[in-house]
Amino acid sequence: FAQACRKGTIRMVIKLQHIERRWQVVHPAKSAPIAFRSGATAFDFADALAREHFAETGNSSAVRVQVLETYVDAVRYG
């Protein structure tokens, strides 16, 4: 989930996954995913986590939306 960027900073990727008609947010520092019924609510939560991480650390962060094997990095800070 977290990977080194070119300039030596850590890029945190918070995943928003759609699995069996449910949404979940997977945060690299949490042991279990956080479940949501609404994709919009889940995205807002993941986005807030990414913004907070960037604001607190100055390191880049992103929200990756994943459905099955397809994904897109929907937003990035830093």
Side-chain angles (χ1 to χ4, degrees):
F1 295 129
Q3 55 186 330
C5 287
R6 292 180 197 164
K7 294 182 180 180
T9 60
I10 299 297
R11 179 175 183 224
M12 179 171 293
V13 178
I14 299 168
K15 291 185 179 181
L16 173 59
Q17 300 174 325
H18 187 253
I19 300 173
E20 297 180 8
R21 298 182 185 178
R22 299 214 179 230
W23 291 93
Q24 65 182 19
V25 173
V26 181
H27 188 289
K30 307 290 183 193
S31 60
I34 303 161
F36 293 87
R37 290 182 189 231
S38 164
T41 303
F43 181 83
D44 289 346
F45 181 76
D47 182 54
L49 290 174
R51 280 186 286 121
E52 179 180 35
H53 175 263
F54 177 66
E56 289 180 355
T57 67
N59 295 328
S60 63
S61 59
V63 175
R64 176 172 290 170
V65 179
Q66 184 176 2
V67 178
L68 299 173
E69 298 298 320
T70 304
Y71 68 87
V72 62
D73 289 342
V75 65
R76 180 178 175 175
Y77 297 97

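Fair warning: this is a prediction, and the values are worked out from it, not measured in the lab. Just the heavy atoms: all of them, side chains too, but no hydrogens, waters or symmetry mates, feed the values below.
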task = Under the ring-ring contact (aromatic ring centres under 6.0 Å, His included) rule, collect the residues that match up with F45, sequence neighbours excluded.
result =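 F45 satisfies ring-ring contact (aromatic ring centres under 6.0 Å, His included) with F36 once adjacent residues are dropped.
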task = Might you point out which heavy atoms bring L16 and G39 nearest each other, and give the distance in Å?
result =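 Minimum heavy-atom separation between L16 and G39: CD2-O, 4.4 Å.
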ask   = Of the non-hydrogen atoms in F43 and A74, which two are nearest, and what is the gap between them?
value =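 Between these two residues, the closest heavy atoms are CE1-CB, 3.9 Å.
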task = Sort and list the pairs that fulfil salt bridge (charged side-chain N to carboxylate O under 4.0 Å, His left out) and have at least one residue in residues 36-52, not counting sequence neighbours.
result =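 Matches after skipping sequence neighbours: D47-R51.
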Just how far is it from atom [atom1] of [X] to atom [atom2] of [Y], taken to the nearest 0.5 Å?
X: M12; Y: S60; atom1: CE; atom2: OG; result: 10.0 Å
X: H27; Y: I34; atom1: NE2; atom2: CD1; result: 8.0 Å
X: E69; Y: Q66; atom1: CD; atom2: CD; result: 7.0 Å

request  = Using side chain to side chain donor-acceptor pair (under 3.5 Å) as the criterion, list what pairs up with S38, not counting sequence neighbours.
outcome  =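 Scan of S38 (side chain to side chain donor-acceptor pair (under 3.5 Å), adjacent residues dropped) gives T41.
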note = A50 meets the side-chain contact (heavy atoms from CB on, under 4.5 Å) criterion, sequence neighbours left out, with I14, S61, V63, Y77
ask   = Which residues pass the side-chain contact (heavy atoms from CB on, under 4.5 Å) test with A62, sequence neighbours left out?
value =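 Counting only residues at least two positions away or on another chain, A62 forms a side-chain contact (heavy atoms from CB on, under 4.5 Å) with R11, R76.
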key: Among R22, Q24, R64, side chain to side chain donor-acceptor pair (under 3.5 Å) partner for Q17   =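 Only one of R22, Q24, R64 forms a side chain to side chain donor-acceptor pair (under 3.5 Å) with Q17, namely Q24.
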